[in-house]
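Below you'll find the structure, written out as structure tokens, and then a few comments.
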Amino acid sequence: MTFDKKITLFNRTMPNGTAQPQKKDESTVWASIDAIGSTVSFNALAVGVKLTNQVEMWAKEYNQEQYATVDGKDYRIENAVKTGNQLTIKLLLSRG
């Protein structure tokens, strides 16, 4: 697996009133971006979550962030899944 794309992981602050949410705790990491497999996609749809992408990256670089920016688009991190290799982790992303 080659980590050949840069993604940005971040959290959002929810301000009071009508102000826009602000990004905080941003970090840029190298990752591999793939499509979601059909089994994972159908299981997520059964509970009402539409997954769009999955990202595999080094586990030590993930600090429980809630969002990721991939190719200029923001995604919500729905789940972080262990892989067969203890050094990597897979993030399941949904748009929005």
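- Legend: residues meeting salt bridge (Lys or Arg N to Asp or Glu O under 4.0 Å) with Glu78, ordered by chain and number and at least two apart, are Arg76.
- Atoms NZ and CG, on Lys90 and Asp34 in that order, are 7.0 Å from each other to the nearest 0.5 Å.
- Put simply, the side chain of Leu93 does not reach to within 4.5 Å of the side chain of Lys73, judged on heavy atoms.
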* **Verdict with reasoning, Leu9 to Ile77, per side-chain contact (heavy atoms from CB on, under 4.5 Å)** => CA-CA 9 Å; Leu9 302 174; Ile77 299 173; 4.1 Å; yes
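- With rounding to the nearest 0.5 angstrom, the NZ atom of Lys6 is 7.0 Å from the OG1 atom of Thr28.
- Thr8 and Glu26 form no side-chain donor-acceptor contact under 3.5 Å, judged by distance and modelled atom types alone.
- Of all heavy-atom pairs spanning Thr69 and Phe10, the tightest one is OG1-CE2, 3.1 Å.
- Here Tyr75 contributes atom OH and Thr52 contributes atom OG1; the two are 5.0 Å apart, rounded to the nearest 0.5 Å.
- Trp58 places none of its side-chain heavy atoms less than 4.5 Å from the side chain of Val29.
- For the atom pair CE of Met57 and CD1 of Ile7, the computed distance is 5.5 Å after rounding to the nearest 0.5 Å.
- Asn11 places no side-chain N or O within donor-acceptor distance of the main-chain N or O of Lys24, the cut-off being under 3.5 Å.
- To the nearest 0.5 Å, atoms CG (Asn85) and CG (Leu87) are separated by 4.5 Å.
- Between the CD1 atom of Ile36 and the CD atom of Gln54 there is a distance of 4.5 Å, given to the nearest 0.5 Å.
- Annotation: side-chain contact (heavy atoms from CB on, under 4.5 Å) contacts of Ala80 (sequence neighbours excluded): Tyr62, Ile89, Leu91.
- In this structure, Asn63 and Asp25 have side chains that are not in contact, with every pair of non-hydrogen atoms separated by 4.5 Å or more.
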